[in-house]
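Step one of this worksheet: look at the structure below.
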Amino acid sequence: MIPNWIIVVGGYLLAFAVTLRIVMQRREPTATLAWALTMMLVPYLGVLLYLLLGRHRLTRQVRRRRARAAALEPHLARLEITESSGRFDSVSISRPPDRELVRLSNRMGCRQPTFGNDVRLLVDANEAYQAMENAIRAATKHVHFQFYIYNEDDTGLRFRDLLIQKAKEGVKVRVLTDGVGSFGLDTFMIPLVQAGGQFAEFLPVGLFSRHWHANLRNHRKNVVVDGRVAFTGGVNIGDEYTGRKRKVGLWRDTHVQLEGPAVHHVQEAFAEDWFFSTGEEPDDPEWFPEQHRAGNLMVQIVASGPDTDTQPIQRIFFTVVTSAKERVYLTTPYFVPDQAMLVALQTTALRGVDVRLLLPRRSDQSLALHAGRSYYDELLEAGVRVFEYRPGILHAKTMVVDQSWATVGSANMDMRSFRLNFEINAVVYGPDFARQLAELFEKDLRDAEEITKELLDGRGLGRRMAESFARTLAPVL
């Protein structure tokens with residue numbers, strides 16, 4: 001039997017070695033200190049947590065992703081049809097802050113904004129599912145179906161059977177799910193593959209997966225039909241999103257349907273993820289058919305992930321919040337901001353801008369919920385108004401700034417979305433869509449409770465302790 005002192009000393013030596021590795025990675029000081037504290041308090045558990053969650057830059061996989069993206073670029077350049085009428089022209093944007101945002105996006109390597117788009121706001125999963133099913137039924141060329149979570153329930157069966165039907169009709173069906181978010185889905189998808197469809201997992205998890213990791217997950221929820229209609233936003237595939245599960249209750253989410261040149265850029269994001277997961281090159285010209293004007297909106301598709309160093313979604317969110325003149329309406333299910341975003345929200349409110357946050361009353365991620373609540377005191381002191389959604393689970397990820405800037409996507413207001421996950425957001429420039437999203441936000445506020453200083457002062461000791469503990473873990477959530 002190994003003496004207890006050897007186990008104790010060995011644990012601290014192992015923890016010291018891992019802590020030294022973390023220090024050498026030059027992370028943010030708060031994250032480094034959080035991991036160091038975890039190692040000191042629970043050495044063996046801390047090392048295990050780091051191996052599962054902490055190695056946010058898996059060098060080999062990141063390099064592979066970058067190499068795949070670079071290899072794909074010539075194919076995308078050859079296939080995509082560029083129309084001058086659909087491309088960004090800086091003269092066409094009247095607001096200086098919007099021009100600055102587009103310039104920032106371009107310098108970070110983001111896709112160019114496009115004109116001539118139509119954007120339909122889908123206010124819950126039932127509406128999103130119906131729109132997606134209608135588009136899939138009308139498909140004649142291909143259906144690209146990508147989700148972080150795809151559940152093996154009635155909703156999942158419904159979509160799988162519809163995709164099987166289209167595959168039997170000769171439509172190219174490609175389904176891509178995340179290896180962790182939709183773990184074990186391969187058996188469920190066998191009938192689709194037998195019908196002629198294709199199924200792949202992004203960084204799959206299994207006994208023979210050499211470098212699987214809890215991080216570097218693909219959090220995107222995209223559907224592209226015939227290269228002409230695209231869907232993106234926060235909705236996954238499952239019964240709970242429709243409110244059919246009693247334990248979950250009402251599920252509040254938001255998605256968008258896109259038509260026009262912006263569809264090409266959603267398709268590009270799917271092509272990169274599919275090529276990375278399967279090695280299949282998009283050599284069919286039908287991936288990128290010639291686009292025609294579908295509406296009058298300018299849309300920019302912003303994709304981000306740990307394979308880039310620029311963190312475009314985070315920087316765009318920071319820039320648009322700090323440049324706001326009238327209002328910032330933010331809805332997010334997981335609110336764990338870094339110091340920069342926290343200060344941006346505070347200083348914007350202190351300037352007199354109407355800053356409102358719609359956050360969940362209950363959540364499927366308890367640690368994130370408590371960590372987010374730990375910021376309420378300082379937000380309220382700065383003049384930020386905070387509301388908690390009461391009817392059910394809040395999962396929508398949207399933001400409206402002033403009168404003409406709005407976004408719907410997969411990214412949460414947390415460090416995992418900004419730095420660890422592959423995310424995608426549709427940024428829409430134009431007063432009509434911003435007004436629609438703002439009206440939806442204000443409607444949701446009617447089902448929410450505003451958090452006041454009196455409510456915060458009435459918190460029990462247990463809740464305050466839970467919030468404080470969760471906040472110490474914020475850099476690693």
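Computation of the quantities below employed the complete heavy-atom set of this structure, encompassing side-chain atoms and omitting hydrogens, waters and symmetry-equivalent molecules. Positions are given from 1, in the same order as the sequence printed here.
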Quick one, Gln365 and Tyr334 - any side-chain contact, counting heavy atoms below 4.5 Å? yes
Rounding to 0.5 Å, atoms CD (Glu290) and NE2 (His292) come to a distance of 4.5 Å
- Main-chain N/O of Lys325 paired to Arg351 side chain as donor or acceptor, under 3.5 Å: no
Discussion item. Checking Leu121 against Leu437 for the side chain to side chain contact (heavy atoms under 4.5 Å, CB included) test, could you report, in this order, the C-alpha distance in whole Å, the side-chain angles of both residues, the deciding distance, and whether it holds?
Written reply: CA-CA 8 Å; Leu121 186 62; Leu437 200 56; 3.8 Å; yes
Side-chain contact, heavy-atom cut-off 4.5 Å: Gln267 with His142?
yes
* May I ask you to decide if Thr407's main-chain N or O and Thr398's side chain share a donor-acceptor pair within less than 3.5 Å? => no
Would a distance-only check, ignoring hydrogens and angles, find a side-chain to backbone donor-acceptor pair under 3.5 Å from Ser417 to Asp414?
no
Residues passing the side-chain hydrogen bond (donor to acceptor under 3.5 Å, both in side chains) test with Thr232, sequence neighbours excluded, are Asn222
Run the numbers on Arg356 and Glu442 for salt bridge (Lys or Arg N to Asp or Glu O under 4.0 Å), then give the verdict.
CA-CA 10 Å; Arg356 305 186 195 186; Glu442 291 165 353; 5.6 Å; no
- Query: Would you call Trp405 and Met399 a side-chain contact if the rule is heavy atoms closer than 4.5 Å?
  - Reply: yes
Heavy-atom side-chain proximity of Val336 to Met415 below 4.5 angstrom: yes
Between the side chain of Asp402 and the main-chain N/O of Arg327, is any donor-acceptor distance below 3.5 Å? yes
The side chain to side chain contact (heavy atoms under 4.5 Å, CB included) partners of Gln130 (sequence neighbours excluded) come to Glu133, Asn134, Arg137
All heavy atoms of Thr242 vs all of Asp239, minimum pair found to be OG1-O, 2.7 Å
So CG of Asp338 and CZ of Phe418: to nearest 0.5 Å the spacing works out to 7.0 Å
Heavy-atom distance under 4.5 Å between the side chains of Tyr429 and Gln300, does that happen here? yes
To the nearest 0.5 Å, atom CG of Leu357 lies from atom CD of Glu388 at 11.0 Å
Under 4.5 Å between any side-chain heavy atoms of Asp447 and Arg390, yes or no?
no
Would you say the side-chain atoms of Ser323 pair up with the backbone N or O of Val320, donor to acceptor, closer than 3.5 Å? yes
Heavy-atom nearest pair, Glu259 first then Val263, reads CA-CG2, 3.9 Å
Do any N or O atoms from the side chain of Ser182 and from the backbone of Tyr148 form a donor-acceptor pair under 3.5 angstrom?
-> yes
Problem set entry | 4.5 Å side-chain heavy-atom contact, Phe335 and Arg373 | no
### Query
Can we call the ring centroids of Tyr150 and Phe159 under 6.0 Å apart?
no
Do Lys221 and Val235 pass the side chain to side chain contact (heavy atoms under 4.5 Å, CB included) test, and can you show the C-alpha distance, the side-chain angles, and the key distance before you say yes or no?
CA-CA 7 Å; Lys221 298 98 173 166; Val235 178; over 6 Å; no
In terms of heavy-atom contacts, Gly383 and Ala349 come closest through C-CB, 3.9 Å
Rounded to the nearest 0.5 angstrom, the CZ-CG distance for Phe387 and Leu330 is 12.5 Å
From the list Val400, Leu445, Val123, side chain to side chain contact (heavy atoms under 4.5 Å, CB included) with Leu440 holds only for Val123
From the list Gln198, Lys172, Arg174, side chain to side chain donor-acceptor pair (under 3.5 Å) partner of His144 resolves to Arg174
Smallest heavy-atom separation, Val321 atom then Ala344 atom, equals CG1-O, 3.7 Å
So, Thr348 side chain and Val353 main chain: donor-acceptor pair closer than 3.5 Å or not? no
Here the pair of heavy atoms bringing Pro333 nearest to Asn412 is CG-OD1, 3.2 Å
* To do: Carefully, step by step, assess Val143 and Val175 under the rule side chain to side chain contact (heavy atoms under 4.5 Å, CB included).
  => CA-CA 8 Å; Val143 176; Val175 176; over 6 Å; no
For this session: May I ask you to check whether Phe145 and Phe147 place their ring centres under 6.0 Å from each other?
Result: yes
Where the side chain of Asp178 meets the backbone of Asn218, is there a donor-acceptor pair that is under 3.5 Å apart?
yes
All heavy atoms of Leu394 vs all of Leu358, minimum pair found to be CD2-O, 3.5 Å
**Item:** Stepwise side chain to side chain contact (heavy atoms under 4.5 Å, CB included) test for Asp253 and Asp124
**Value:** CA-CA 5 Å; Asp253 223 321; Asp124 57 31; 5.9 Å; no
Would you find a donor on one side and an acceptor on the other, under 3.5 Å apart, between the side chain of Thr331 and the backbone of Ala396?
-> no
Is the backbone of Ile316 close enough, under 3.5 Å, to the side chain of Thr319 for a donor and an acceptor to pair up by distance? no
| Any chance the side chains of Ser410 and Glu423 put a donor and an acceptor closer than 3.5 Å? | yes
### Message
Would you say that Tyr241 contacts Thr155 through its side chain, given a criterion of any heavy-atom pair below 4.5 Å between the two side chains?
### Response
no
So CH2 of Trp287 and CD of Glu281: to nearest 0.5 Å the spacing works out to 10.5 Å
Interatomic distance, NE2@His255 vs CG@Asn236, rounded to 0.5 Å, equals 8.5 Å
